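Both ligands and their constituent atoms are indexed starting at 1 by order of listing. This is a predicted model, so every value here is computed, not measured.
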Amino acid sequence: MTKPRILVARAIFPEVIERLKQHFDVEPNLTDELLSKAQLTEKLRDKVGVFTTGGERIDAELLAACPSLKICANMAVGYNNFDVPAMTAAGVLGTNAPDVLTETTADFGFALLMATARRISESEHFLRAGKWTRWSYDMFAGSDIHGSTLGIIGMGRIGQGIAKRGALGFGMKVLYHNRSRLDSITEAECKARYVSKEELLKTADHVVLVVPYSAASHHTIGAAELALMKPTATLINIARGGIVDDAALAKALREKRIAAAGLDVFEGEPKVHPNLLTVPNVVLTPHIASATLPTRLAMANLAADNLIGFLVNGKPLTPLNPEVLA
Ligand code: 8YV
């Protein structure tokens with residue numbers, strides 16, 4: 001019997017490719033080069049499934065050119081690379097990789113917050129450049145985490161993980177803003193209080209963004225929002241590029257209108273706004289919030305489980321548009 005044909009769009013763990021090969025005729029991307037839209041479309045013309053890693057855009061144009069495609073399985077919890085309504089209209093299932101990365105990503109959000117507030121990158125660059133010749137009372141004096149006010153915008157699973165770390169581990173007062181308010185049990189578990197976005201921006205010492213990207217969340221933080229924040233505040237973005245207006249942020253950092261920022265995601269990444277590269281008070285990391293080997297393996301296995309679950313057993317684990325299954 002011929003096996004269903006799938007594409008794995010980027011290099012992934014060899015053991016996950018081997019698992020997939022037990023069920024599918026797999027076209028891997030051994031060179032790991034980014035596929036252009038034209039290349040991706042060409043490769044998907046004869047495939048029923050694709051394993052994507054978050055960077056491959058699946059839209060109406062591609063779907064129209066690839067009528068045999070039935071499932072796109074993303075190795076990411078975020079799925080703004082999928083046009084889900086277009087996929088649903090074309091009868092194509094989308095799946096993402098939630099839950100398995102929650103704690104790892106919350107750990108990283110906290111690490112980036114601490115590195116930013118305590119100026120760890122900036123002071124290390126100073127030391128490596130041989131500039132540390134004497135002690136001074138305010139050298140790299142940052143802001144406190146313990147006992148401060150943490151404001152979280154986007155209170156899904158990862159936001160809740162960060163809230164718990166802040167409240168239970170560091171005695172922080174936690175405020176949050178979200179599209180919808182959490183139930184009272186979850187609020188109590190996170191020791192978090194729901195406030196308006198404006199109140200959060202005005203009162204938080206540290207603002208962490210964990211909101212999914214959509215047209216509605218584009219530039220959730222721009223010049224107007226930065227102007228509301230305290231001059232001593234830090235801003236952390238582990239959500240998606242485009243949630244923050246990076247040019248406006250670079251200007252606010254240069255003018256010290258906020259104290260510092262920690263960014264793991266960027267508008268137009270892997271390109272980074274040149275003005276962010278030249279301001280000292282920002283910690284920059286290359287979209288690594290979920291990057292521990294066990295978590296990346298779990299994400300890859302979940303994407304593979306979705307392909308196997310759907311194409312072999314008719315039961316995907318984490319469907320985004322289950323209506324196409326009906
Ligand atoms: C991924 C992420 O590493 O899961 C997400 O949404 O942003 C990251 O964990 C990235 O999307 C590539 O898979």
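Close approach of ligand 1 to Gly78 is summarised as follows: ligand atoms under 4.0 Å from at least one heavy atom of the residue are 4 (O), 5 (C), 6 (O). When each atom of ligand 1 is checked for a heavy atom of Met299 under 4.0 Å away, the hits are 4 (O), 9 (O). Taking every non-hydrogen atom of Arg240 and a distance limit under 4.0 Å, the qualifying atoms of ligand 1 come out as 2 (C), 5 (C), 6 (O), 7 (O), 11 (O). Of all the atoms in ligand 1, the ones that sit under 4.0 Å from a non-hydrogen atom of Leu101 are 4 (O), 9 (O). For ligand 1 and Arg296, the ligand atoms under 4.0 Å from any heavy atom of the residue are 3 (O). Using a 4.0 Å cut-off to heavy atoms of Ser290, the atoms of ligand 1 that qualify are 1 (C), 3 (O), 8 (C), 9 (O). Ligand 1 places these atoms under 4.0 Å from at least one heavy atom of Ala76: 4 (O), 5 (C), 6 (O), 11 (O), 13 (O).
Judged by distance alone, with hydrogens and angles left aside, the side-chain atoms of Lys131 form no donor-acceptor pair with the main-chain N or O of His125 at under 3.5 Å. Between the side chain of Ser217 and the backbone N or O of Pro212, at least one donor-acceptor pair lies under 3.5 Å. Looking at Arg10, its side chain never comes within 3.5 Å of a backbone N or O of Asn29 through a donor-acceptor pair. Distance alone, capped at 3.5 Å, places no donor-acceptor pair between the Thr105 side chain and the Thr102 backbone.
No continuous path of hydrophobic side-chain contacts links Ile236 to Leu226 [ILVMFWY only; heavy atoms under 4.5 Å]. Cluster membership for Ile152 and Leu201, using ILVMFWY side-chain heavy atoms within less than 4.5 angstrom, is not shared.
The protein atom (non-hydrogen) at minimum distance from atom 12 (C) of ligand 1 is Thr53 O, 2.9 Å.
Of the charged side-chain nitrogens involved, at least one lies within less than 4.0 Å of a carboxylate oxygen, so that Arg193 and Glu199 count as a salt-bridged pair.
Considering only non-hydrogen atoms, atom 7 (O) of ligand 1 lies nearest to His287 out of Arg10, His287, Met75.
On a distance-only criterion, Val77 and ligand 1 share at least one N/O pair closer than 3.5 Å.
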